[in-house]
Participant: 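Right, I'll just put the structure down here and ask away after.
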Amino acid sequence: MSLDVGSIRKQFPIFQRETSPGVPLIYLDSTATSQKPIAVIEAMNEYYRRSNANIHRGVHTLAEEATAMYEGAREKIAKFINAPSAKQVIYTRNTTESINLVAYSWARANLKAGDLVILTEMEHHSNLVPWHMLQAERGIELEFIPVTEDGLLDLSAYKTLLNRTPKLVSFTHMSNVLGTINPAGEIIRLAHEAGAMTLVDAAQSVPHLKVDVQALDVDFLAFSAHKMCGPTGIGVLYGKKDLLEAMPPFLGGGDMIKEVKLRSFRANSLPHKFEAGTPAIAEAVGFGAAVDYLSSVGMDAISAYEHELTEYALERLIEIPGVRLFGPDAEKKGGVASFVLDSVHPHDVAQILDKGGIAIRAGHHCAQPLHEKFGIPATSRASFYLYNTKEEVDLLVNGIYKVKELFG
Amino acid sequence: MSLDVGSIRKQFPIFQRETSPGVPLIYLDSTATSQKPIAVIEAMNEYYRRSNANIHRGVHTLAEEATAMYEGAREKIAKFINAPSAKQVIYTRNTTESINLVAYSWARANLKAGDLVILTEMEHHSNLVPWHMLQAERGIELEFIPVTEDGLLDLSAYKTLLNRTPKLVSFTHMSNVLGTINPAGEIIRLAHEAGAMTLVDAAQSVPHLKVDVQALDVDFLAFSAHKMCGPTGIGVLYGKKDLLEAMPPFLGGGDMIKEVKLRSFRANSLPHKFEAGTPAIAEAVGFGAAVDYLSSVGMDAISAYEHELTEYALERLIEIPGVRLFGPDAEKKGGVASFVLDSVHPHDVAQILDKGGIAIRAGHHCAQPLHEKFGIPATSRASFYLYNTKEEVDLLVNGIYKVKELFG
Amino acid sequence: MDDLYREVIIEHYKNPGYRGHLDPHDIQFEDNNPLCGDHIEITIQTDENEKVADARFDGHGCAISQASADLLIESIIGKPLDEVKQLNKDHILEMLGIELGPVRLKCALLSLKVLKAGVYGLGEASDDLVE
Amino acid sequence: MDDLYREVIIEHYKNPGYRGHLDPHDIQFEDNNPLCGDHIEITIQTDENEKVADARFDGHGCAISQASADLLIESIIGKPLDEVKQLNKDHILEMLGIELGPVRLKCALLSLKVLKAGVYGLGEASDDLVE
Ligand SMILES: Cc1ncc(COP(=O)(O)O)c(C=O)c1O
Ligand SMILES: Cc1ncc(COP(=O)(O)O)c(C=O)c1O
């Protein structure tokens with residue numbers, strides 16, 4: 001393992017806390033949201049203490065500093081995903097709003113009744129509900145790339161669906177339940193060959209893998225800061241320039257305009273066209289610091305370390321009698337281990353583990369259709385990030401044995 | 001003056017800063033965004049250091065703490081505006097998104113071609129552009145309550161407009177340029193008598209006045225945390241319960257659902273129906289702390305102090321030869337002084353003042369139509385909040401004399 | 001751990017006394033907790049005095065939701081419907097004897113919500129019933 | 001204060017040497033800065049060697065935008081159009097001799113943007129021209 005996890009953990013103040021007296025925190029819920037390093041917390045702190053001002057239209061020192069910090073973060077994020085230009089990085093609240101932006105602006109301008117959008121059976125609700133809404137409103141059609149028993153996308157079924165000339169293929173880069181890392185490059189290439197646009201839900205990939213939007217040739221890509229060591233309240237929609245430029249605005253208001261008359265307006269240029277009102281300024285600054293932090297550790301090192309940890313976790317978990325794991329082998333997945341345990345309900349598993357300071361998530365993880373597919377209402381999910389350790393995996397396994405005992 | 005401004009200023013770390021060596025900050029731009037007291041900065045800090053987790057669906061300790069903090073802040077905010085229930089407080093990014101939410105959800109479900117929406121000539125772009133967009137999409141009609149020469153709404157013209165049975169009257173409670181405090185209660189009462197719904201843009205009023213949504217009997221009310229000592233990235237839409245319940249969802253995704261199937265969903269109950277995806281959790285916590293802070297100082301005391309300060313500022317400014325002030329007398333306005341100075345462009349005024357550490361704003365302040373009405377492209381605007389002093393007003397006045405000298 | 005999963009909960013979860021379905025019944029209602037898929041159905045037979053003559057619950061879910069349902073049914077048999085209508089969340093929490101966070105509270109209160117919606121004869125169960 | 005509003009700026013703002021409008025002209029373009037309402041029009045007469053024979057600017061706005069325009073016009077007279085096409089923001093900043101934040105930079109570069117859009121014969125002026 002090339003990561004110095006000991007010193008990484010020291011960067012995260014939360015690991016000094018105990019969940020109850022004498023019980024240290026074992027945080028295995030980074031897929032829901034990650035913890036924040038001191039550099040991110042301090043960047044926002046410092047922003048509020050020294051430079052806080054509204055941006056863009058101010059000529060005073062604070063406004064200029066705030067603008068430079070806000071736009072500087074955009075440059076960093078653009079570089080992090082290898083976007084050709086920072087203008088193609090639109091700040092949103094989160095992955096969910098990014099996808100909705102595409103659904104409201106691009107899709108309503110480009111899709112009509114009968115047009116096909118391809119999704120997958122492993123989508124997060126954020127990449128389902130916006131399309132359900134558009135289906136109800138517009139009569140678009142939805143089809144789903146099936147998930148196989150071992151948690152992979154069925155690409156041959158996908159190829160068959162492509163014969164129906166979809167207008168958009170929108171899919172998750174990495175499943176937040178199965179951990180499956182989908183072959184995004186190939187899915188996008190095939191979509192383009194069939195004449196479809198592509199949207200990648202990168203909520204789980206950008207935090208954990210090196211993602212290069214130009215190498216992927218993806219049309220739209222959405223992710224959230226809070227899952228990648230950054231603050232809540234900010235996310236990104238990346239888009240190809242010509243697409244973003246051709247799209248109508250989404251929210252109307254200050255900053256997204258070039259000119260406003262009493263009865264009409266002209267929209268601003270990118271990226272401002274899509275950023276209406278006072279944005280999440282401190283959060284952008286924190287996002288920039290998060291990207292700096294992840295870059296300084298190194299995304300390849302993070303992926304490799306998580307892979308090793310996941311491999312170990314899956315090995316240990318599968319040993320436990322009564323544990324059923326979901327998703328593919330460690331080879332094909334990120335740091336997520338979802339499981340059910342005999343007849344113990346995941347809520348009970350999670351709550352008993354919590355008594356031991358172990359934070360995992362239980363439920364449908366905003367992927368109800370996927371759970372329905374596997375015939376279960378809920379799973380328990382442990383997930384890993386750069387600050388987790390094998391010792392924590394061992395504690396998780398011990399905890400699960402205790403659950404079994406209690407319910408035995 | 002009943003405020004102890006000296007000790008209030010000590011609560012705001014930014015006032016320790018100098019804009020350049022030896023030049024302390026004189027912040028007169030709170031209408032754009034307010035500064036943050038230590039209690040707000042620390043609340044978020046503490047959240048990230050101790051309790052950070054994703055909310056609602058988590059059963060572990062951190063998730064429960066985070067959920068309690070996020071929902072607890074909602075209760076505080078509801079109390080602050082006297083909302084009947086915290087369920088009627090929807091978190092958004094800012095005032096702008098709150099207004100867009102009404103325009104997308106309520107208005108698209110309730111307005112058809114030819115339906116009339118009444119706005120005013122003093123609206124911020126945030127309360128113009130969403131309606132321009134709806135006009136273009138739906139063919140609704142827009143009319144505007146005129147602004148008089150002394151910066152007041154022409155209520156007799158409003159009454160005439162009401163004869164045309166508008167569906168919605170949407171107006172600013174307090175102008176961010178003129179400072180005018182509009183008679184919101186009366187405007188709403190008249191609108192209701194004419195059968196119209198009402199939306200109040202309270203971006204400038206909730207931070208500076210005691211606002212009681214039940215006393216106003218307003219249907220929708222929008223405001224932003226960042227203008228009231230709170231963080232960026234969060235705002236609120238308040239709405240009457242029956243209206244919010246009848247409205248279709250706006251953004252689709254996690255948390256706003258009760259149930260998701262592969263091809264359909266059922267929306268969640270209030271307030272979650274309108275909060276899709278991971279929300280601005282830390283920001284809600286900070287917002288709650290801001291409301292606590294303002295309440296501890298007392299909104300009535302804040303209003304009274306600002307009034308005294310504004311009265312003084314207007315007196316001093318009007319003495320300066322070549323200064324033309326906009327808006328009504330101090331009696332009818334909040335802490336905003338917008339002016340032009342001879343033929344010196346506001347950008348030059350602002351930039352030269354900035355050299356002396358004085359931060360004011362110059363431009364159209366996102367109210368271009370209002371500026372057009374007054375026949376000027378831009379104004380200089382000094383604005384005041386609880387932490388400003390008469391000494392700062394004196395420094396502003398001295399600064400303006402220096403500008404005159406340089407351009408004289 | 002013991003304070004959270006008190007013996008009474010594990011016991012009622014593993015060996016419920018009132019699991020079942022009454023046919024015929026005078027009152028029937030069911031609902032689920034979308035957060036976790038917990039499901040509860042309650043059936044009630046009433047007598048001529050508007051009292052609960054007999055009752056059963058059915059469904060599946062976590063220990064908290066199932067134990068709460070069993071305890072709740074046990075506690076209402078013989079009670080006047082008017083009294084059942086007054087039951088609130090404290091009733092459940094007292095019987096469980098533990099503290100619960102907001103998510104688990106939903107599990108614990110599902111059966112009460114179902115019960116009250118049924119007794120009131122509502123079309124849909126609302127969280128307001130148990131607040 | 002002097003470093004920001006150097007004498008040269010105040011001087012060119014108060015007494016511009018190249019304010020006006022050429023008629024006839026070979027190139028004309030105008031645009032405004034929506035942030036502050038600044039407006040600049042530039043008219044150019046070219047000679048047979050594709051050089052700037054004469055030029056003028058017109059418009060209104062802040063000292064920075066108007067002084068920049070005057071300095072810019074002064075600097076291009078006699079220059080080949082090909083050379084004018086290569087001008088970038090450093091050219092303006094050198095002439096002004098001050099540092100500018102992002103907002104004021106837009107004021108300073110408005111005339112260059114208008115000039116380049118005109119010389120390139122574009123339909124619309126884009127910020128990309130001066131980056
Ligand atoms: C009157 C008024 N309305 C709306 C807004 C928009 O607020 P925000 O930028 O926080 O969305 C502002 C802030 O500038 C304002 O002053
Ligand atoms: C795969 C995936 N997509 C989308 C989302 C939604 O992200 P957010 O809640 O930040 O909008 C998540 C997070 O839970 C996710 O895991």
Side-chain angles (χ1 to χ4, degrees), chain A residues 13-14 17 19 32-33 35-36 41 45 48-50 52-54 57-62 93-94 96-97 100 125-126 128-130 132-133 142 144 224 226 231-233 251-254 257 260-265 276-278 280-283 347 350-351 354 359 361-363 366 368-369, chain B residues 13-14 17 19 32-33 35-36 41 45 48-50 52-54 57-62 93-94 96-97 100 125-126 128-130 132-133 142 144 224 226 231-233 251-254 257 260-265 276-278 280-283 347 350-351 354 359 361-363 366 368-369:
Chain A
I14 206 160
R17 107 158 247 180
T19 60
T33 199
Q35 294 304 338
K36 321 304 175 199
I41 301 172
N45 214 329
Y48 282 128
R49 285 168 179 267
R50 283 195 54 80
N52 171 66
N54 215 325
R57 295 167 184 284
V59 307
H60 57 73
T61 304
L62 297 191
R93 180 170 34 246
N94 49 29
T96 303
E97 194 192 20
N100 277 274
H125 294 166
S126 293
L128 291 170
V129 181
H132 293 161
M133 289 168 66
L142 301 180
F144 300 84
S224 301
H226 70 92
T232 53
L251 303 181
I257 54 91
V260 177
K261 307 258 179 212
L262 206 50
R263 294 176 178 279
S264 66
F265 74 102
T278 305
I281 307 171
E283 292 73 13
H347 267 182
Q351 190 156 5
D354 181 59
R361 197 142 284 239
C366 295
Q368 265 188 308
Chain B
I14 206 162
R17 103 159 250 181
T19 59
T33 199
Q35 294 304 337
K36 322 302 175 200
I41 300 172
N45 214 330
Y48 281 128
R49 285 167 179 270
R50 281 196 55 80
N52 174 66
N54 214 327
R57 293 166 186 282
V59 307
H60 56 74
T61 305
L62 297 191
R93 179 170 36 245
N94 48 29
T96 303
E97 194 192 19
N100 277 274
H125 295 165
S126 293
L128 291 170
V129 181
H132 293 160
M133 288 168 66
L142 301 180
F144 300 85
S224 302
H226 70 93
T232 53
L251 303 182
I257 56 92
V260 177
K261 307 257 180 212
L262 206 51
R263 295 176 177 279
S264 66
F265 74 102
T278 304
I281 307 170
E283 292 73 13
H347 267 182
Q351 190 155 5
D354 181 59
R361 198 142 283 239
C366 294
Q368 264 187 309

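Computed from a predicted model, the values in this text were never measured in an experiment. Throughout, protein chains are lettered first and strands after them, A, B, ... in sequence-line order, and every chain is numbered starting at 1.
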Participant: Heavy-atom pairs under 4.5 Å with chain B are the metric here; pick the option from A/Asn100, A/Ile257, A/Thr33, A/Leu142 that has the most.
Facilitator: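 Greatest number of close heavy-atom pairs with chain B: A/Asn100.
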Participant: Could you tell me which non-hydrogen atom of B/Tyr48 sits nearest to which non-hydrogen atom of A/Thr232, and how far apart they are?
Facilitator: OH-N, 3.1 Å
Participant: Heavy atoms only, distances under 4.5 angstrom: which of A/Ala276, A/Cys366, A/Ala350, A/Ala282 has the most pairs with chain B? Name it, please.
Facilitator: A/Ala276
Participant: If I measure from the heavy atoms of chain B, does A/Ile281 come under 4.5 Å with its side chain, its backbone, both, or neither?
Facilitator: both
Participant: Looking at B/Val260, B/Thr278, B/Asn94, which has the largest count of heavy-atom pairs under 4.5 Å with chain A?
Facilitator: B/Val260
Participant: With a 4.5 angstrom heavy-atom cut-off, which part of B/Asn52 approaches chain A: side chain, backbone, both or neither?
Facilitator: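 Contact with chain A involves both backbone and side-chain atoms of B/Asn52.
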Participant: Heavy atoms only, distances under 4.5 angstrom: which of A/Thr19, A/Asn45, A/Thr96 has the most pairs with chain B? Name it, please.
Facilitator: A/Thr96
Participant: Pick whichever of A/Leu251, A/Val59, A/Val129, A/Leu262 has the most heavy-atom pairs under 4.5 Å with chain B.
Facilitator: A/Leu262
Participant: When heavy-atom pairs shorter than 4.5 Å are enumerated against chain B, which of A/Glu97, A/Arg263, A/Arg93, A/His347 gives the highest number?
Facilitator: A/Arg263
Participant: Where on B/Phe265 is there a heavy atom nearer than 4.5 Å to chain A: the side chain, the backbone, both, or neither?
Facilitator: both
Participant: For A/Asp354, enumerate each residue passing the side chain to side chain donor-acceptor pair (under 3.5 Å) test, keeping only those at least two apart in sequence or located in another chain.
Facilitator: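 So A/Asp354 forms a side chain to side chain donor-acceptor pair (under 3.5 Å) with B/Thr61.
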Participant: Closest heavy-atom contact between B/Gly252 and A/Pro130?
Facilitator: O-CG, 3.5 Å
Participant: Sort out for me which of B/Gly58, B/Gly363, B/Ser224, B/Ala362 touches chain A most, counting heavy-atom pairs under 4.5 Å.
Facilitator: B/Gly58
Participant: What distance do A/Arg361 atom CZ and B/His60 atom NE2 have between them, rounded to the nearest 0.5 Å?
Facilitator: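 A/Arg361 CZ to B/His60 NE2: 4.5 Å, rounded to 0.5 Å.
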Participant: Taking every non-hydrogen pair under 4.5 Å, which of B/Ser264, B/Ala53, B/Pro13, B/Pro231 racks up the most with chain A?
Facilitator: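 The candidate making the most pairs under 4.5 Å is B/Ser264.
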